[in-house]
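Just so you know, these numbers come straight off a predicted model, no measurement behind them. Indexing begins at 1, ligand by ligand and atom by atom, following the structure's order.
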Amino acid sequence: MDTYLHLLRSKGFKLTPQRRAVIAALEACAPFPTAQDIHRHVKTQAPDVSLDTIYRNLTLLIRLGIVNQINLPGRGGGSVFEIVAGQRHHHHLICLACGQARCIDYCPIVPHELAQAKEQGFTVVSHSLEFYGYCRDCRTAI
Ligand SMILES: [Zn+2]
Ligand SMILES: [Zn+2]
Ligand SMILES: [Zn+2]
């Protein structure tokens with residue numbers, strides 16, 4: 001929790017009880033909980049917290065680079081989340097059949113080669129990239 005506290009403080013934010021609860025839920029429900037999973041977990045401690053509040057806190061934590069959002073096309077366009085603060089930048093393999101995500105320690109993006117972004121006067125601060133395919137279990141089932 002100290003890592004997150006420092007990260008939030010360094011960007012001028014406080015570790016509010018809500019943010020702490022969302023981070024704790026992300027850890028408890030790891031790997032890859034949905035916003036609904038996080039909401040369910042936080043509600044056991046704070047029954048009044050709304051799903052909107054969870055989304056608001058997640059959005060801030062994503063902006064601060066503490067949380068990563070992974071888009072899953074297989075589950076009706078849902079998203080799952082993971083804590084990335086203090087971890088190496090990485091990407092994900094997503095199975096189109098079962099919707100499961102896996103971390104992969106690989107990044108093909110070289111930010112300074114994004115010439116078109118520079119031409120447009122656009123400053124890139126982050127990116128997300130998912131690889132879609134079939135996991136071992138689903139591949140053999142096809
Ligand atoms: Zn699969
Ligand atoms: Zn990951
Ligand atoms: Zn990358």
Counting N and O atoms only, with roles assigned by atom type, does the side chain of [X] sit under 3.5 Å from a partner on the main chain of [Y], one being a donor and the other an acceptor?
| X | Y | answer |
| --- | --- | --- |
| H90 | Y106 | no |
| R19 | K14 | yes |
| T44 | R40 | no |

Query raised in the report: How many degrees, to 10°, between C98 SG and C135 SG as seen from the Zn ion (ligand 1)?
Result: 120°

Query raised in the report: Once rounded to 10°, what is the value of the angle centred on the Zn ion (ligand 1) between C138 SG and C95 SG?
Result: 100°

Query raised in the report: Does H90 bring an N, O or S atom to under 2.8 Å of the Zn ion (ligand 2)?
Result: yes

Requested in this report: State the NE2-CD1 distance between H127 and I109, to the nearest 0.5 angstrom.
Outcome: 5.0 Å

Query raised in the report: Angle subtended at the Zn ion (ligand 2) by SG of C103 and NE2 of H92, to 10 degrees?
Result: 110°

Query raised in the report: Knowing that exactly one of V67, L26, I66 qualifies, which makes a side-chain contact (heavy atoms from CB on, under 4.5 Å) with Y4?
Result: I66

Query raised in the report: Once rounded to 10°, what is the value of the angle centred on the Zn ion (ligand 3) between H91 NE2 and H127 NE2?
Result: 110°

